[in-house]
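Remarks on the structure that follows.
Computed from heavy atoms alone, side chains included, the values below leave out hydrogens, waters and symmetry copies. Whatever order the structure lists them in is the order used to number ligands and atoms, beginning at 1.
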Amino acid sequence: MPETYNKMMNRILLILLLIAGIQASSFAQDAYMNAEAAEKEKTYNGGSAYVVKNYPQKFKAKKPRNIILMIGDGMGVAQVFSGITANHGKLFLDNMKYIGFSKTQSASDYITDSAAGGTAISCGIKTYNGAIGVNTDTVAVKTILEDAETKGLATGLVSTSAITHATPASFIAHQKNRGMYEDIAADFLKTDIDVFIGGGMDHFTKREDGRNLVEELKEKDYRVETDINTISQVKNGKLAGLTSSMHNGRMSERGDILPRATETAINILDHNKKGFFLMVEGSQIDWGGHANSTIYIVEDMLDFDRAIGKALDFAAKDGETLVIVTADHETGGLSILGGDMNTGMVKGEYTTKDHSAVMVPVFAYGPGAEEFMGIMENTDLHKKMEKLLLGK
Ligand code: MG
Ligand code: ZN
């Protein structure tokens, strides 16, 4: 009896060990596969380059009538250089000859998030991480977009994330926390913004308060569209382009919606002879940094650069438009330890899966561009834009 019992126990123990062994080895294999996949994402293998135009450096006006502010979320100098290398040595961005650096620290943290970073640029105040258009006492502060509206200028927002996400939200909403997406969406209805194009449809229609903000937008004479092919045909009037239920996908999925939305927004806003303010965000450069994926960063950096090309096309012809390209912070602590200007190969290395504290570049083109040289605080961007566009 005890012998049979012992045999049985040994057999059970053996089975348990076998199961544990199989699980341990498959777990190890998973970890190995993930590490290998992650390692692969760190190298962009290169690809064909697109043609970059050269634009004139003389402008008919001394002060801008329009400002196009372009924010590459998480775009540090290394991200820019990954794009330069991937496009075989040249970007549209190269046309922007006035260059400075922005210090991104927030009121609460040495390392900012996109909410405090966006609010610093939109409102000119240092606030706490997570704040959307409010100060450290959670009091609403007017944004440059709202100030432009008050002065009768046309206004717009374009983003590859949800339009309610921290960066675009900072220019139009006032909420104590960036996660309050439905309240942020409702804030769009409190403004007279002319054009906004991005994801985030669910925050307008699938709401806890039961409101249907798409219907409310239509009552306010907005044309509401979801397909970029239809959106890009809109030439005037008010436009709400909600291109996805939440965030737009990666480049392979979303295609060239950012350059197309940028061009569409510019053409609509240009009808206002008093001028316009437009903010365009390349949102997912940041997500590539969080994922430590050089492939993701390069794809989104080049997409953002093609949107910059659309802005420069217009600014070069117009002569009264100032284009500013900057970032809210750097993401990933990216360094580039290998590459090839002929093939476009880029080998990235990362020091964090989060944001880093380093200064981010500021590039400017057009009348007033010389104001954006040197080292500045992120809040100075707001002051300079207000002074040039609104005479404040
Ligand atoms: Mg963002
Ligand atoms: Zn981020």
Side-chain angles (χ1 to χ4, degrees), residues 69-76 78-80 82 102 104-106 108-123 127-133 143 145 156-173 175 177-181 184-185 187-188 196-200 203 243-244 246-251 254 257-258 261-262 278-294 296-297 299-301 303-304 307-308 324-334 348 350-361 378 381:
L69 169 67
M70 309 192 64
I71 299 179
D73 197 317
M75 186 190 74
Q79 281 78 358
V80 171
S82 75
S102 165
T104 65
Q105 283 59 47
S106 74
S108 63
D109 290 83
Y110 184 62
I111 296 177
T112 190
D113 78 327
S114 292
T119 301
I121 301 170
S122 72
C123 302
T127 188
Y128 60 93
N129 285 12
I132 299 290
T143 72
L145 186 144
L157 293 174
V158 171
S159 173
T160 45
S161 63
I163 202 69
T164 44
H165 204 238
T167 311
S170 302
F171 284 81
I172 197 161
Q175 297 296 340
N177 191 298
R178 59 183 288 170
M180 299 164 74
Y181 291 116
I184 289 166
D187 279 353
F188 277 73
F196 58 96
I197 306 169
H203 301 141
T243 51
S244 109
M246 195 58 66
H247 302 302
N248 292 295
R250 267 177 82 156
M251 273 302 288
R254 73 173 191 262
I257 62 167
L258 186 67
T262 301
L278 170 65
M279 194 287 292
V280 175
E281 185 199 21
S283 319
Q284 301 190 23
I285 300 167
D286 176 63
W287 303 352
H290 284 292
N292 285 185
S293 167
T294 311
Y296 199 160
I297 289 173
E299 284 170 359
D300 267 75
M301 188 63 225
D303 178 55
F304 185 53
I308 292 168
I324 302 156
V325 175
T326 189
D328 47 358
H329 54 74
E330 194 274 346
T331 307
L334 174 62
Y350 298 83
T351 56
T352 176
K353 295 227 170 204
D354 213 320
H355 303 168
S356 77
V358 294
M359 297 189 290
V360 290
N378 51 6
L381 291 161

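Every pair tested for salt bridge (Lys or Arg N to Asp or Glu O under 4.0 Å) that includes a residue from residues 278-287 fails, sequence neighbours excluded, so the list is empty.
Glu330 places a side-chain heavy atom less than 4.5 Å from the side chain of Leu334. Between Leu157 and Ile172 there is a side-chain heavy-atom pair separated by less than 4.5 Å. Residues Glu299 and Gln284 fail the side-chain proximity criterion, which asks for heavy atoms closer than 4.5 Å. Residues Ser161 and Trp287 have side chains in contact (heavy-atom distance under 4.5 Å, counting atoms from C-beta outward).
A side chain to side chain donor-acceptor pair (under 3.5 Å) with Ser114 is found for one member of Asp328, Thr119, Thr331 and no other, namely Asp328. Applying the side chain to side chain contact (heavy atoms under 4.5 Å, CB included) test between Ile257 and each of Thr262, Asn248, Ile197, Val158 identifies Asn248 as the sole match.
For Asp73, there are no salt bridge (charged side-chain N to carboxylate O under 4.0 Å, His left out) partners at least two apart in sequence or on another chain.
If you look at the Zn ion (ligand 2), the protein N, O or S atoms less than 2.8 Å from it are Asp286 OD1, Asp286 OD2, His290 NE2, His355 NE2. Protein N/O/S atoms closer than 2.8 Å to the Mg ion (ligand 1): Asp73 OD2, Thr167 OG1, Glu281 OE2.
Side-chain atoms of Ser82 come within 3.5 Å of backbone atoms of Gln79 as a donor-acceptor pair (strictly under, hydrogens ignored).
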